[in-house]
Amino acid sequence: MKFFIDTANLDQIKEAQDLGVLDGVTTNPSLMAKEGITGRENILEHYKKICDIVTGDVSAEVIATDYEGMIKEGEELAKLHEQIIVKIPMIKDGIKAIKYFSDKGIKTNCTLVFSVGQALLAAKAGATYVSPFIGRLDDISTDGLNLIAEIRMVYDNYAFETEILAASVRHTMHVIDCAKIGADVMTGPLSSIEGLLKHPLTDIGLEKFLADYKKGN
Ligand code: E4P
């Protein structure tokens with residue numbers, strides 16, 4: 001299972017990278033705005049900075065919502081760095097753009113996916129990743145994890161190569177449940193990864209080991 005961090009914050013990306021288990025980064029226009037990164041040039045520069053920190057895939061989202069605009073922006077993003085994955089919304093022109101990029105060998109991440117049908121369409125168009133947003137489904141009292149399970153079943157039925165990128169992960173249990181279901185990737189905040197470290201018996205056990213060592217030395 002790949003671990004992506006869902007942020008545009010360079011310090012958090014560095015921290016996750018230093019842990020040695022990071023496989024990539026996802027960003028979106030809201031995450032960029034949160035870091036105060038505005039203006040096309042600054043945004044492109046920021047993507048390059050992220051690529052310099054991590055070794056894996058970095059999703060960079062197009063702003064255009066029409067086919068021509070998405071192609072223009074996506075080609076510009078893909079040229080920025082070999083690690084860039086062009087992130088495209090699940091809309092009609094988005095599917096056409098994913099197909100275009102797939103035919104050209106440019107990797108894509110189909111974002112804002114909330115149903116199995118949408119995921120099926122993304123796979124048919126040749127998306128590299130499909131991003132079902134589990135946290136946002138949970139927010140409206142719908143089972144986000146069930147969507148991951150259903151997409152897993154459909155993709156396995158037909159051996160689609162599109163990777164299921166569980167997005168909108170909010171906490172550590174989401175990570176564990178996605179791993180049980182068989183999501184290929186999860187993207188979440190640093191806290192969702194660091195939460196995996198924690199167990200009180202580990203802390204108690206370590207404290208006792210160190211205390212016993214001190215007694216004999
Ligand atoms: C996915 O690529 C999105 O950036 C992200 O996971 C959305 O998460 P949120 O619902 O917590 O905003």
Side-chain angles (χ1 to χ4, degrees), residues 2-17 22-91 93-113 118-119 122-123 125-133 135-136 161-169 183-190 193:
K2 292 185 204 168
F3 280 7
F4 288 178
I5 188 169
D6 195 31
T7 184
N9 182 287
L10 298 181
D11 290 336
Q12 285 184 20
I13 294 170
K14 275 187 204 125
E15 206 172 329
Q17 176 68 20
L22 192 68
D23 300 294
V25 178
T26 51
T27 62
N28 63 39
S30 306
L31 292 171
M32 281 292 192
K34 193 173 164 194
E35 298 307 316
I37 315 295
T38 54
R40 195 71 194 145
E41 287 313 311
N42 292 334
I43 289 172
L44 296 181
E45 275 312 305
H46 201 73
Y47 284 138
K48 283 201 252 176
K49 284 182 194 165
I50 294 174
C51 290
D52 286 343
I53 298 170
V54 300
T55 48
D57 291 345
V58 175
S59 285
E61 189 160 340
V62 297
I63 303 300
T65 53
D66 63 299
Y67 177 75
E68 283 77 17
M70 282 189 263
I71 299 302
K72 187 169 173 277
E73 261 188 66
E75 285 184 332
E76 186 183 16
L77 289 168
K79 270 189 209 135
L80 263 190
H81 200 285
E82 59 186 10
Q83 287 163 245
I84 293 284
I85 307 292
V86 182
K87 199 174 182 188
I88 297 177
M90 166 44 76
I91 53 176
D93 276 9
I95 287 298
K96 291 183 194 170
I98 288 169
K99 174 70 177 140
Y100 170 88
F101 287 123
S102 163
D103 288 346
K104 286 193 82 176
I106 293 173
K107 292 183 180 173
T108 54
N109 174 357
C110 183
T111 191
L112 290 166
V113 166
Q118 291 178 326
T128 312
Y129 296 105
V130 65
S131 287
F133 278 34
R136 291 192 194 185
E161 286 177 10
T162 301
E163 292 187 51
I164 302 172
L165 195 175
S168 188
V169 158
D184 300 291
V185 192
M186 79 83 201
T187 191
L190 181 60
I193 299 173

_Do F4 and M186 make a side-chain contact, defined as non-hydrogen atoms from C-beta onward lying under 4.5 Å apart?_
no
*asked:* Quick check against the 3.5 Å criterion: does T27 have a side-chain atom that pairs as donor or acceptor with the backbone of S59?
replied: yes
*Look up atom CD1 in I193 and atom CD1 in I5, then write down how far apart they are to the nearest 0.5 Å.*
5.5 Å
*Once you round to the nearest 0.5 Å, how far does CD of Q12 lie from CG of L190?*
5.5 Å
*Under 3.5 Å donor-acceptor, Q83 side chain and V54 backbone*: yes
*Find the distance between CD1 (I91) and OH (Y67) and round it off to the nearest 0.5 Å.*
13.0 Å
*Show your working on side chain to side chain contact (heavy atoms under 4.5 Å, CB included) between T26 and D57 and close with a plain yes or no.*
CA-CA 8 Å; T26 51; D57 291 345; over 6 Å; no
*Check whether any side-chain heavy atom of I50 sits under 4.5 Å from a side-chain heavy atom of H46, and report yes or no.*
yes
*Atom of T162, atom of A123 and distance for their closest heavy-atom approach*: OG1-CA, 3.3 Å
*What's the spacing between T65 OG1 and I88 CD1 if we round to 0.5 Å?*
12.0 Å
*About how many Å separate OG1 of T55 and CG of D23, when rounded to the nearest 0.5 Å?*
7.5 Å
_With heavy-atom distances below 4.5 Å as the criterion, would you say the side chains of P132 and I164 are in contact?_
yes
*Only one of T108, V58, T111, L77 forms a side chain to side chain contact (heavy atoms under 4.5 Å, CB included) with K87, so which one is it?*
T111
_Rounded distance [0.5 Å steps], CD in E45 versus CD1 in I37_ = 10.5 Å
*Any Lys/Arg nitrogen of D93 or K96 sitting under 4.0 Å from an Asp/Glu carboxylate oxygen of the other?*
yes
*What pair of heavy atoms forms the shortest contact from E73 to E61, and how long is it?*
OE1-O, 4.3 Å
*Test side chain to side chain contact (heavy atoms under 4.5 Å, CB included) on Y129 and D184 and set out the steps.*
CA-CA 9 Å; Y129 296 105; D184 300 291; over 6 Å; no
*Could you tell me which non-hydrogen atom of A119 sits nearest to which non-hydrogen atom of V113, and how far apart they are?*
N-CG1, 4.1 Å
*V169 vs D6, side chain to side chain contact (heavy atoms under 4.5 Å, CB included): CA-CA, chis, key distance, verdict*: CA-CA 9 Å; V169 158; D6 195 31; over 6 Å; no
*Kindly give the heavy-atom pair with the smallest separation between L22 and A16, and that separation in Å.*
CB-O, 3.8 Å
*asked:* To check you understand the geometry: which heavy-atom pair defines the closest contact between E75 and F101, and what is its length?
replied: CG-CE2, 3.8 Å
*May I ask you to test the P89-V62 pair for a side-chain heavy-atom distance under 4.5 Å?*
yes
*Residues, nucleotides or ligands: over 12 heavy atoms within 6.0 Å of E161 CD*: no
*Whether over 12 other heavy atoms sit under 6.0 Å from K107 NZ*: no
*So, does S131 use its side chain to make a donor-acceptor pair with the main chain of A167 at under 3.5 Å?*
no
*Specify the closest pair of heavy atoms between G69 and A64, including all atoms of both residues, with the distance to one decimal.*
C-CB, 3.4 Å
_Salt-bridge criterion met for D103 and K99 (N-O under 4.0 Å)_ = yes
